[in-house]
Q: 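One structure follows; several queries about it will come next.
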Amino acid sequence: MLKIYNSLAREKQVFVPTTAGCARMYVCGMTVYDYCHIGHARVLVVFDVVQRWLRASGLAVTYVRNITDIDDKIIKRALENKESISQLTNRFIGFMNDDAAALGVERPDHEPRATEYVPQMLELIGRLEKNGLAYQSPNGDVNFSVRKFPGYGKLSGKALDDLRAGERVDVDTGKEDPLDFVLWKHAKEGEPFWASPWGSGRPGWHIECSAMSSDLLGQPFDIHGGGQDLQFPHHENEIAQSEGAHDCRFVNYWMHNGFVRVDDEKMSKSLGNFFTIHEILKKYDPEVLRFFILRAHYRSPLNYSDSHLDDARQALTRLYVALKAVDADLLPIDWEEPHACRFSQAMDDDFNTPEACATLFDLAAEVNRSKSPTLASQLRALAGFLGLLRRDPQTFLQAAPTSSGELSVEQIESLIAARAAAKKGKDYAAADQIRAELLAAGVVLEDGAKGTSWRRA
RNA sequence: GGCGCGAUAGCAAAGCGGUUAUGCACCGGAUUGCAAAUCCGUGUAGGUGGGUUCGACUCCCGCUCGCGCCUCCA
């Protein structure tokens, strides 16, 4: 029985799909004008695991993750780069896909782009206007009137009168209320625009998600996810738009992942303290980054640092070492087996991946003791639900960081052969010398019954 | 000012009203030519002050500290 922490209810709730046997999920994806940072990696990985576990639970999943390919920052960046908007966005969509693939993130069923859904957005705005929730201000923008929508604030727990609109930002005087938000921005000189009943313009940020989610998933749908920072105002506004237009509930379960931090501060583009996935993968194996993310619960803050990744790498190495020692059969999961049972209970408890990982380590210890191919197979299969341990152990253990000028496999193997010869002649001093040399180059040797194997330290 | 979250051992991070989390690091032993890996074992916890309870890291209240949202942000 799967339980999900629902941000709307502020408690864990049993997951009951709208349509039995199906799960429809929408996650707010990226605005594509720059490389993805680790915060984005967290969203990608966390909801990838959610999606995998829903499928593992036997549900027919429709997973949608949108791409915001038109907004102020994109326009600005394209202008700075002296390139077209589509050149810019297509390039970064490519990088995003590369990062996601490296992290073992499966492709969502749909990846709609905002620019492809303008008609649906206009239709939605029309409905809101008809329902008396939208108005055009003198400057040409179409705004949503938050005070006319009764439930405004229910997701974020905010009361309209407590919000300090304009305290940190100039209030747009065209709005009837400072908290009203833009549905349609009138076109300014030199900006891209679409024709509309309210004049030429482009969509406000929030409207795309309302339009794309209902178009692809219907309304209501089951799960809407995203980073915690989107809870207000973005998701609050989505609710206002979608429920204001369709007069029925928008989403049943809201999921918000916690932030990635650096030095106990939120990592964000505005603070400038972010690390890109691209950058990190030069130093660390992508699976290490994925494991690092899944070692913490998705709602907790996750502090990023190199030493934490080093730690994650050591831990993941332990799992692969266990697998290396045993030829795992590829058997279907035995859910009655105690570790599998514990794993699935952990995942059913609001996707408790740290607990799920702990069972993997217990299982690895068991594999080390028993050398059981059946248990090794269990380990592999369970880890697979987290998108982990899917590679050949040797490949993982011997993988060199992309940026390193480390010893080549051939060099390492010839040194190992030289050491074997020295050992055979009982010249241990020479053998140890070679081993020390390799260790200095980041290569650890392990003498076993079947000869010497090696891995990168 | 409003609303919300958190405080666990050297570091990271979970569950749980009473019985080993887990990983990294550390220590002792087995194994090894010596190592590495592995196994066995030990140690190190739950911010602070109260309360509830036979019993609290776990529930309740206060306090302190930290973080987040209220502005674009995953």
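In what follows, chains carry the letters A, B, and so on, assigned in the order in which the sequence lines appear, proteins first and then strands, with residues in each chain numbered from 1.
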Q: How long is the line joining OH of A:Y35 and P of B:rA74, in whole Å?
A: 17 Å
Q: Rounding to an integer number of angstrom, what distance separates B:rA21 and B:rA45 when you compare their C1' atoms?
A: 12 Å
Q: Give me the distances for all protein-to-nucleotides 3-12 of chain B N/O pairs that come in under 3.5 Å?
A:
unit_1	atom_1	unit_2	atom_2	d
B:rC3	O2'	A:G157	O	3.2

Q: Taking atom P in both B:rC69 and B:rC24, what distance in whole Å separates the two?
A: 34 Å
Q: Enumerate the residue pairs fulfilling salt bridge (Lys or Arg N to Asp or Glu O under 4.0 Å) with a member in residues 225-234 of chain A, sequence neighbours excluded, ordered by first and then second residue.
A: A:D229-A:K266
Q: Name all residues meeting the side-chain contact (heavy atoms from CB on, under 4.5 Å) criterion together with A:A457; count only those two or more places apart in sequence or in a different chain, and write none if there are none.
A: A:V444
Q: May I ask you to verify whether the side chain of A:D229 and the base of B:rG68 hold a donor-acceptor pair under 3.5 Å?
A: no
Q: Rounded to the nearest 0.5 Å, what separates atom CZ in A:F385 from atom OG in A:S344?
A: 9.5 Å
Q: Counting only side-chain nitrogens and oxygens, does A:N257 get under 4.0 Å of the OP1 or OP2 atom of B:rA74?
A: no
Q: Please give the distance between the C1' atoms of B:rA25 and B:rU42 as a whole number of Å.
A: 15 Å
Q: Atom CD of A:E366 and atom P of B:rU22: how far apart are they, to the nearest Å?
A: 13 Å
Q: For atom C1', what is the distance between B:rA13 and B:rC3, given to the nearest Å?
A: 28 Å
Q: If we take the P atom in both B:rG18 and B:rC60, what is their distance in whole Å?
A: 16 Å
Q: Taking only nitrogen or oxygen atoms into account, show me every contact under 3.5 Å that the protein makes with nucleotides 59-61 of chain B, one pair per line with its distance.
A:
none

Q: Within the structure shown, what part of the strands sits under 4.0 Å from A:H297 by heavy-atom distance: base, sugar-phosphate, or nothing?
A: sugar-phosphate
Q: Please map the stems of RNA chain B, keeping only stretches of three or more Watson-Crick or G-U wobble pairs with both distances under 3.5 angstrom.
A: B:1-7 with B:64-70, B:10-12 with B:22-24, B:27-30 with B:38-41, B:47-51 with B:59-63
Q: Can you find a pair of side-chain heavy atoms, one from A:L289 and one from A:Y284, that are under 4.5 Å apart?
A: no
Q: Evaluate the side-chain proximity of A:F95 to A:I277: yes if any heavy-atom separation is below 4.5 Å, no if none is.
A: no
Q: Whole angstrom is fine here: how far is it from CZ in A:R456 over to C1' in B:rA36?
A: 17 Å
Q: Hey, is the side chain of A:R435 pairing donor to acceptor with the base of B:rC34 inside 3.5 Å?
A: yes
Q: Taking side-chain contact (heavy atoms from CB on, under 4.5 Å) as the definition, give me every residue that meets it alongside A:P354, ordered by chain and number, with sequence neighbours left out.
A: A:H297, A:N352
Q: For B:rC69, does either OP1 or OP2 sit under 4.0 Å from a side-chain N or O belonging to A:K266?
A: yes
Q: Under 4.0 Å from any atom of RNA chain B, heavy atoms only: list the residues of residues 93-109 of chain A that qualify, in numerical order.
A: none
Q: Quick one: side-chain contact (heavy atoms from CB on, under 4.5 Å) partners of A:E437, sequence neighbours excluded?
A: A:L415, A:Q433
Q: To the nearest 0.5 Å, how far apart are NE2 in A:H235 and CZ in A:F250?
A: 8.0 Å
Q: Could you list the protein-to-nucleotides 28-31 of chain B atom pairs, N/O on both sides, closer than 3.5 Å?
A:
none

Q: With rounding to whole Å, what would you report as the distance between B:rC57 and B:rC39 at their P atoms?
A: 31 Å
Q: Honestly, is A:K188 close enough over A:F193, meaning NZ or CZ under 6.0 Å from the six-membered ring centre and within 45° of the axis?
A: no
Q: Between A:R342 and A:E355, is any pair of side-chain heavy atoms under 4.5 Å apart?
A: yes
Q: Within this structure, what is the CZ-to-C1' distance between A:F232 and B:rG2, rounded to whole angstrom?
A: 12 Å
Q: Whole angstroms only, please: what is the CZ-P distance between A:F361 and B:rA13?
A: 14 Å
Q: Once you apply a heavy-atom cut-off of 4.0 Å, does A:A358 come out as touching a base, just sugar-phosphate, or nothing?
A: base
Q: Using a 4.0 Å heavy-atom cut-off, does A:Q314 contact any base of the nucleic acid, only the sugar-phosphate backbone, or nothing at all?
A: sugar-phosphate
Q: Can you sort out the partners of A:R202 under side-chain hydrogen bond (donor to acceptor under 3.5 Å, both in side chains), two or more places apart, ordered by chain and number?
A: A:D72, A:E191
Q: Decide yes or no for A:V49 and A:R290: does some side-chain heavy atom of the first lie under 4.5 Å from some side-chain heavy atom of the second?
A: yes
Q: How is A:L230 classified with respect to the nucleic acid when contacts are heavy atoms under 4.0 Å: base, sugar-phosphate, or nothing?
A: sugar-phosphate
Q: Remember a base hit wins even if backbone is also touched, and classify A:G29 as base, sugar-phosphate or nothing at under 4.0 Å, heavy atoms.
A: sugar-phosphate
Q: Could you give the distance separating B:rC40 and B:rA7 at their P atoms, to the nearest angstrom?
A: 31 Å
Q: Within the structure, does a side-chain N or O atom of A:R369 lie under 4.0 Å from either OP1 or OP2 of B:rC39?
A: no
Q: What residues form a salt bridge (Lys or Arg N to Asp or Glu O under 4.0 Å) with A:R455, not counting sequence neighbours?
A: A:E446
Q: Is B:rG46 syn or is it anti, if syn means the base angle is within 90 degrees of 0?
A: syn
Q: Please work out if A:K73 contacts a base, only the sugar-phosphate, or nothing of the nucleic acid, heavy-atom cut-off 4.0 Å.
A: base
Q: What distance, rounded to whole Å, do you find between the two C1' atoms, one in B:rG47 and one in B:rU53?
A: 23 Å
Q: Taking only N and O in the side chain of A:K269, is any of them less than 4.0 Å away from OP1 or OP2 of B:rA74?
A: yes
Q: Send over the distance from A:L179 CG to B:rG2 P, rounded to a whole Å.
A: 17 Å
Q: Please state how far atom CG in A:L438 lies from atom P in B:rC34, giving the value in whole angstrom units.
A: 20 Å
Q: Sort and list the pairs that fulfil side-chain hydrogen bond (donor to acceptor under 3.5 Å, both in side chains) and have at least one residue in residues 368-378 of chain A, not counting sequence neighbours.
A: A:E337-A:Q378, A:E366-A:R369
Q: Name the nucleic acid region contacted by A:S300, choosing base, sugar-phosphate or nothing; use a 4.0 angstrom heavy-atom cut-off, strictly under.
A: sugar-phosphate
Q: Check the distance between B:rC67's P and A:L271's CG and give it to me in whole angstrom.
A: 12 Å
Q: I want to check something: taking the side chain as every heavy atom from C-beta on, are A:Q241 and A:F181 in contact at a cut-off of under 4.5 Å?
A: yes
Q: Looking at side-chain heavy atoms only, is the closest gap between A:Y5 and A:R299 below 4.5 Å?
A: yes
Q: Is there a donor in the side chain of A:D69 and an acceptor in the side chain of A:Y33, or the other way round, less than 3.5 Å apart?
A: no
Q: Just checking, any donor-acceptor pair under 3.5 angstrom between side chains of A:E287 and A:Y320?
A: yes
Q: Kindly state whether the pair A:Y428 / B:rG33 counts as stacked, where counting means centroids closer than 5.5 Å and planes tilted less than 30° apart.
A: yes
Q: Could you check whether any side-chain heavy atom of A:M347 comes within less than 4.5 Å of a side-chain heavy atom of A:L2, counting everything from C-beta outward?
A: no
